Amino acid sequence: MALRHALAFDPIAVDDPRSDLAGTMRSFDPRSPIVQIGDLSAQRGDGVFESLGMVGRHAQEVSAHLARLAHSAALCDLPEPNLAQWREAISRVVVHAPETGESVLKLILSRGVDGAGAPTAWVTLADAPDSTAAREHGIRVVTLDRGYTADVPERAPWLLLGAKTLSYAVNMAAIREARRRGADDAVFLSSDGYVLEAPTASVILRRDGRYLTPEPAAGILHGTTQRSIFSYLGSLGVDTAYARITRDELRSADAAWVVSSIRLAAPIVQIDGEETARDAAMTASLNRYLLSPRD
Ligand code: PLP
């Protein structure tokens, strides 16, 4: 992804009375070294992040992403983000996006430089990858065992399941494994057989006219796109629910999608080598909705 702009700042406390938030920020050429070599984000993947889709200069679902950033920070015992400061950073970066087309805004909150005891933060703007083929022709997925039962978040909260941490090496390894198996993407299953999520997306399926997605309590990220789609479907009078979903239920669904902020709704067309049912009209409707400005 070609980076267009970057801005860094020292995160301030939630009760910091400063009104000159712009004064806490520094813009950089995104090719210049912003992150110190001792930053724990680079050394340990110790931090949290968000990726927001942008349509023209409008960042989608800023409030939902900031709420999840705060949730991830809390799960990781990072200081609570000052959301006014993050909003100021976002507003200073989005103006550098092209007036039309799609971009990616990334918010990164790191535990900071080793030993300094203070978090570091930065925001980047990049051109979005072209997702047309995935949205229009769909993707082939393979199911992969994540190795945990669906109740593990309760038993082992230190695994940070449900936080969007910078440690995505496992997620990237799963995508590489999916490609080795001749697919485009993976869908994780819990070791007790329930559908969880894709490495960078949520799963939604339709059975008997009802749209279902796995429960976030099963140790998955609560997707902003999935939530936005559910509120859109609700406005159309369509029934939606969180549920425990087995691999067989996913395979025999009327239609299924992986959904995320940047790729948006990609219909699943094959699961573990078997063709699956799809709904081109609903896919087009979801992507039209997702590409409209959303707050
Ligand atoms: N699940 C995982 C593991 C993800 O990494 C992502 C997005 O990156 C999602 C789900 C979808 O989240 P969102 O719709 O907020 O992009």
Side-chain angles (χ1 to χ4, degrees), residues 1 45 47-55 59-73 75-76 90 102-109 124 126 128-129 131 134-135 139 141 143-148 150 152-153 159-178 184-190 194-205 211-233 240 242 245 250 256-266 268 286-287 289-291 294-295:
M1 274 192 283
V48 297
F49 78 107
E50 283 296 319
S51 294
L52 288 71
M54 287 186 60
V55 179
Q60 303 280 46
E61 303 269 356
V62 171
S63 299
H65 282 283
L66 286 178
R68 193 171 59 190
L69 185 79
H71 177 67
S72 299
L75 289 176
C76 293
I90 291 169
E102 295 173 56
S103 307
V104 181
L105 194 64
K106 260 196 177 195
L107 318 180
I108 293 170
L109 172 61
T124 61
S131 299
R135 291 174 195 164
I139 58 168
V141 302
T143 52
L144 296 180
D145 183 2
R146 195 178 225 173
Y148 307 129
V152 80
L159 292 177
L160 303 178
L161 298 170
K164 195 166 168 71
T165 76
L166 289 167
S167 316
Y168 260 52
V170 168
N171 307 45
M172 298 299 109
I175 294 174
R176 289 195 301 275
E177 178 61 22
D184 306 300
D185 205 347
V187 168
F188 286 124
L189 300 179
S190 63
Y194 296 105
V195 173
L196 296 173
E197 62 187 343
T200 63
S202 313
V203 175
I204 296 180
L205 58 93
Y211 288 77
L212 303 173
T213 197
E215 295 166 326
I220 61 178
L221 212 62
H222 199 173
T224 60
T225 315
Q226 171 265 310
R227 275 185 282 182
S228 187
I229 287 176
F230 271 26
S231 78
Y232 169 63
L233 293 171
T240 60
Y242 292 91
I245 299 161
L250 175 64
W257 297 266
V258 288
V259 305
S260 55
S261 298
I262 311 303
R263 191 170 52 187
L264 305 182
I268 295 178
L286 291 178
N287 281 319
Y289 163 70
L290 293 171
L291 283 168
R294 289 175 291 129
D295 288 315

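Note that the coordinates shown come from a computational prediction; the quantities given were computed from them, not determined experimentally. Counting starts at 1 for both ligands and their atoms, following the listed order.
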>> Could you identify the single nearest non-hydrogen protein atom to atom 5 (O) of ligand 1 and state the distance to 0.1 Å?
In response: Y168 OH, 2.5 Å
>> With heavy-atom distances below 4.0 Å as the criterion, list the atoms of ligand 1 near G223.
In response: 12 (O), 14 (O), 15 (O)
> Where is the nearest protein heavy atom to atom 12 (O) of ligand 1: which residue, which atom, and how far?
Replying inline: R68 NH1, 3.5 Å
>> Is the distance from the ring center of Y211 to that of Y232 below 6.0 Å?
In response: no
>> Quick check on contacts: which atoms of ligand 1 are under 4.0 angstrom from a heavy atom of E197?
In response: 1 (N), 2 (C), 3 (C), 10 (C)
> Does a side chain donor of either R68 or T224 reach within less than 3.5 Å of an acceptor in the other side chain?
Replying inline: no
>> Run the side-chain contact (heavy atoms from CB on, under 4.5 Å) test on S131 and E102 for me, step by step, so that the C-alpha distance in whole Å, both residues' side-chain angles and the decisive distance to 0.1 Å come before the verdict.
In response: CA-CA 10 Å; S131 299; E102 295 173 56; 5.8 Å; no
> Nearest non-hydrogen atom to atom 4 (C) of ligand 1 belongs to which of T224, T200, T165, T225?
Replying inline: T200
> What is the closest protein heavy atom to atom 10 (C) of ligand 1, and at what distance does it sit?
Replying inline: A201 C, 3.3 Å
>> List ligand 1 atoms under 4.0 Å from S261, heavy atoms only on the residue side.
In response: 13 (P), 14 (O), 15 (O), 16 (O)
> Under 3.5 Å, is there a donor-acceptor pair between the S261 and E61 side chains?
Replying inline: no
> Closest non-hydrogen protein atom to atom 11 (C) of ligand 1, residue and atom name please, with distance?
Replying inline: S202 OG, 3.7 Å
>> Name the residue from L212, T213, L189, L205 that meets the side-chain contact (heavy atoms from CB on, under 4.5 Å) definition with V195.
In response: L189
>> Quick test: of every protein heavy atom, which one is nearest to atom 8 (O) of ligand 1, and how far off is it to 0.1 Å?
In response: K164 NZ, 2.7 Å
> What atoms of ligand 1 come closer than 4.0 angstrom to any heavy atom of A198?
Replying inline: 3 (C)
>> Can you give me the closest heavy-atom contact between A178 and A186, atom names plus distance?
In response: CB-N, 3.9 Å
>> Side chain, backbone, both or neither: which applies to S51 and ligand 1 if a contact is any heavy-atom pair less than 4.0 Å apart?
In response: neither
> On the ring face of Y194, is R146 found with NZ or CZ under 6.0 Å from the centre and within 45° of the axis?
Replying inline: no
For residues 166-175, tabulate all N or O donor-acceptor pairs below 3.5 Å that involve a side-chain atom, not counting sequence neighbours.
| from | atom 1 | to | atom 2 | distance (Å) |
| --- | --- | --- | --- | --- |
| S167 | OG | G45 | O | 3.0 |
| Y168 | OH | K164 | NZ | 3.3 |
| N171 | ND2 | P199 | O | 2.8 |

